[in-house]
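Below is one structure, written out as structure tokens; comments come after it.
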Amino acid sequence: MRTATLGPVQRAEALAAMAERELDVLVVGGGVVGAGTALDAATRGLSTGIVEARDWASGTSSRSSKLIHGGLRYLEMLDFALVREALKERGLLLGRLAPHLVKPVPFLYPLQHKGWERWYAGSGVALYDAMSVSSGHGRGLPVHRHLTRRGALRVAPCLKRDALVGALQYYDAQMDDARFVATLVRTAASYGAQAANRARVTGFLREGERVVGARVRDVEGGGEYEVRAKQIVNATGVWTDDTQAMVGERGQFHVRASKGIHLVVPKDRIHSTTGLILRTEKSVLFVIPWGRHWIVGTTDTDWDLDKAHPAASSADIDYLLEHVNSVLAVPLTRDDVQGVYAGLRPLLAGESDATSKLSREHTVAHPVPGLVVIAGGKYTTYRVMAKDAVDEAVHGLDQRVAECVTEDVPLLGAEGYRALWNARARIAARTGIHVVRVEHLLNRYGSLTEDLIELIVADPSLGEPLSAAEDYLRAEIVYAASHEGARHLDDVLTRRTRISIETFDRGTLSARECAELMAPVLGWDNKQIEKELEHYEKRVEAERESQRQPDDLTADAARLGAPDIVPI
């Protein structure tokens, strides 16, 4: 195993290597499921490639609620198997696979009725904790506790006194979803997978009925490649139907897009030491701690417009503000909103009763020889989905293949993380980097933090924070371009960091500094720097304009006013 670098040189080499000889498995789609599938296949000893048309995690996998959770509300639907599976995965990620990226987070559930509700909700949360422990991986989180109204207001003074009669507090976990995917891809590459983003599949290669490869276009350099593979896995999420259409076969199921939007507000706008989970008439609403911010979400509405850039409308924002303000003593206003983002859930909609009920479960199909489709599911269970996809692909390989081992394969940065965390004060003293900055780096890169320290030692100016986004060091911008596959300014401000949603200026004040840090790594001249800046500013303005529109149709039209930096 080697520590993989996803820089410009490695990307070019990966594309060339994929076209050079037949792969065992080619994964199409660079979200969490695709990245997980590539890691699963590579760690079984299969020659593996993964391509993504845009940036890693640029779709659904960077626009989630940032939660790794069992799905407490699925207990109410009596979907015990899904909850048990997700709780096991939560425990694995917290304890073994990614302790540097996945962290415990407390939630308070306000009770509004005396007597029966405490018994009803308390039983559910107790079962949730019990299922977590019985999975064998649930001992890392505190158990739930019951609180009186006074006790609840002590931990969450933001709540209206008349909004609750008491409360329950329980724990789940959270992560930076886009960072998690980038780390998954790097981990797969460290086990030998060839990985290239900004590489779009334009069609499939056929021999009779069998799919034997894919035509891949390098949307950056313009080259065309024929990548041959014994099995192809379509892991394109909400684009599943579009990808299937290239084969010309009728799918066994369809994927419906459901839009969820989130608001990001500063930490001081909601006075609480715990996250909140609130019931709405349709679903649940989360208020999630996020560094020096809160994430408020989410909505759940059908979306059949542009999939690449789902837009949040003014009505969406009003919906969230109205519901969260129903329990807050000091209501939030539009002026409190730093960032807004919208994502699409890939929900399964089948042509039969059996598949139409699948919803948040996932399914795997082999519609034609040589092509496997994986769809549905939820972020937390990505590893199980990946295992099922590779298991299905293995049926089409004429060779013995090892069983899945990803339950025991930590992601890059996990090994040694806890030891480095214990030594963080010594690291700070040795490097001159403030201990708070060291903690920030350890919780984003784990043991790979040493890579960033090396950059800072070589150029001490990289140890300084960005002038307009002080939560991030200049070294992180360079590292994103040199090691993490960032190709454009948008990739860095939106996914490698979250500056685009964590600052009131949406990243525009940091854009030039970031572009100038990326330029030497990616070979940009002044003309390209200006092009990147112009594109990013247009994107931000288009998003702001969409969020002023009354409905989905007008919001979508406004968002499409800013073209992609690289036309797909």
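Heads up: numbering here begins at 1 and tracks the sequence. For clarity, every value in this text was computed on a predicted model and none was experimentally measured.
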Charged N-O contact under 4.0 Å between Glu207 and Arg228
yes
Measure from the side-chain N and O atoms of Thr202 to the backbone N and O of Val216, and report whether any donor-acceptor pair falls under 3.5 Å.
no
Is the shortest side-chain heavy-atom distance between Gln174 and Trp290 below 4.5 Å?
yes
Has Glu22 got more than 12 heavy atoms of other residues, nucleotides or ligands less than 6.0 Å from its CD?
yes
Fit a plane to each ring of Tyr382 and Tyr379, take the angle between them on a 0 to 90° scale, and name the class: parallel (under 30°), tilted (30 to 60°) or perpendicular (over 60°).
perpendicular
Heavy-atom pair with the smallest gap, counting every atom of Asp177 and Ser64:
OD2-OG, 2.7 Å
Could you check whether any side-chain N or O of Thr236 sits under 3.5 Å from a backbone N or O of Asn234, counting only pairs where one atom can act as donor and the other as acceptor?
no
Taking the side chain as every heavy atom from C-beta outward, state whether Lys378 and His69 have any atom pair closer than 4.5 Å.
yes
Quick one: does Val212's side chain get under 4.5 Å of Arg206's, heavy atoms only?
no
Euclidean distance, Gln231 CD relative to Thr48 OG1, rounded to 0.5 Å
12.0 Å
So do the side chains of Phe204 and Thr243 get within less than 4.5 Å of each other, counting heavy atoms only?
yes
Acceptor/donor pairs from residues 26-41 side chains to any protein atom, 3.5 angstrom cut, sequence neighbours excluded:
unit_1, atom_1, unit_2, atom_2, d
Thr37, OG1, Val33, O, 2.7
Asp40, OD1, Arg44, NE, 2.6
Asp40, OD1, Arg44, NH2, 3.1

Within the distance-only criterion (no hydrogens, no angle test), does the side chain of Thr494 pair as donor or acceptor with the backbone N or O of Ser500 below 3.5 angstrom?
no
Side-chain donor-acceptor pair under 3.5 Å between Asp24 and Ser47, yes or no?
yes
Which atom pair, heavy atoms only, marks the closest approach of Met131 to Phe80?
CE-O, 3.4 Å
Does Glu52 pair with Arg198 as a salt bridge, N-O distance under 4.0 Å?
no
Nearest non-hydrogen partners of Glu89 and Thr381, listed with the distance:
CG-CA, 4.3 Å
Please step through side-chain hydrogen bond (donor to acceptor under 3.5 Å, both in side chains) for the pair His309 and Asp564, ending with a clear verdict.
CA-CA 10 Å; His309 306 294; Asp564 285 338; 2.7 Å; yes
Verdict with reasoning, Lys531 to Asp525, per salt bridge (Lys or Arg N to Asp or Glu O under 4.0 Å)
CA-CA 10 Å; Lys531 181 181 177 183; Asp525 57 17; over 6 Å; no
How many angstroms lie between CE in Met518 and CD1 in Ile477, if you round to the nearest 0.5 Å?
8.0 Å
Heavy-atom distance under 4.5 Å between the side chains of Lys387 and Thr406, does that happen here?
no
Could you go through the side-chain hydrogen bond (donor to acceptor under 3.5 Å, both in side chains) check for His262 and Ser65 one step at a time?
CA-CA 7 Å; His262 297 80; Ser65 296; 2.7 Å; yes
Using atom types as modelled and distance alone, determine if a side-chain donor or acceptor of Ser313 lies under 3.5 Å from a backbone N or O of Asp316.
yes
Salt bridge (Lys or Arg N to Asp or Glu O under 4.0 Å) between Arg495 and Asp490, worked out
CA-CA 8 Å; Arg495 286 173 290 277; Asp490 192 35; 3.8 Å; yes
Answer yes or no: is there a side-chain heavy-atom contact under 4.5 Å between Glu209 and Val368?
no
Determine, for Arg11 against Glu220, whether the closest basic-nitrogen to carboxylate-oxygen distance falls under 4.0 angstrom.
no
I'd like to know if Arg383 and Glu407 make a salt bridge, using a cut-off of under 4.0 Å between side-chain N and carboxylate O.
yes
What's the verdict on side chain to side chain contact (heavy atoms under 4.5 Å, CB included) for Val340 and Glu543, showing C-alpha distance, side-chain angles and the deciding distance?
CA-CA 9 Å; Val340 182; Glu543 286 186 347; over 6 Å; no
Worked check of salt bridge (Lys or Arg N to Asp or Glu O under 4.0 Å) between Arg345 and Asp300
CA-CA 9 Å; Arg345 301 175 193 86; Asp300 187 357; 3.5 Å; yes
Between CH2 of Trp56 and OG1 of Thr183, what distance do you get to the nearest 0.5 Å?
13.0 Å
Glu403 atom CD, neighbour heavy-atom count above 12 within 6.0 Å
no
If you apply the rule side chain to side chain contact (heavy atoms under 4.5 Å, CB included), what do you find for Asp55 with His488, and how did you get there?
CA-CA 9 Å; Asp55 183 29; His488 295 282; over 6 Å; no
Ion pair present between Asp408 and Arg96, side-chain N to carboxylate O less than 4.0 angstrom?
yes
Salt-bridged, Arg498 to Asp176, with N to O below 4.0 Å?
yes
Applying side chain to side chain contact (heavy atoms under 4.5 Å, CB included), run through Tyr128 and Leu87 and close with a yes or a no.
CA-CA 8 Å; Tyr128 194 65; Leu87 287 172; 3.8 Å; yes
Residues Ala480 and Val492: closest non-hydrogen pair is CB-CG2, 3.9 Å
Beyond-backbone contact of His535 with Leu489, side-chain heavy atoms, under 4.5 angstrom
no
For Leu412 and Thr187, the nearest pair of non-hydrogen atoms, with its separation, is N-OG1, 3.0 Å
Show the numbers, then the answer: is there a salt bridge (Lys or Arg N to Asp or Glu O under 4.0 Å) between Asp306 and Arg559?
CA-CA 9 Å; Asp306 180 64; Arg559 177 60 186 88; over 6 Å; no
Hey, does Leu46 have a side-chain heavy atom less than 4.5 Å from the side chain of Lys230?
no
For the residue pair Asp451 and Tyr445, confirm or rule out a side-chain donor-acceptor distance under 3.5 Å.
no
Under the side chain to side chain contact (heavy atoms under 4.5 Å, CB included) criterion, do Val201 and Val227 qualify, and how do the steps go?
CA-CA 10 Å; Val201 169; Val227 179; over 6 Å; no
Nearest 0.5 Å, what's the CG-CZ distance between Leu67 and Phe286?
5.5 Å
Kindly say whether Gly237 contributes a backbone atom to a donor-acceptor pair with the side chain of Thr240 at under 3.5 angstrom?
yes
Could you give the distance from OG1 (Thr380) to CD1 (Ile68), rounded to the nearest 0.5 Å?
4.0 Å
Residue of the set Asp304, Asp302, Asp556, Asp552 for which salt bridge (Lys or Arg N to Asp or Glu O under 4.0 Å) holds with Lys259:
Asp552
To the nearest 0.5 Å, how far apart are CG in Leu93 and NE2 in His100?
10.5 Å
Scanning both residues in full, the closest heavy-atom pair of Val405 with Thr43 reads CG2-O, 3.5 Å
Is there a donor-acceptor contact under 3.5 Å linking the side chains of Glu532 and Gln528?
yes
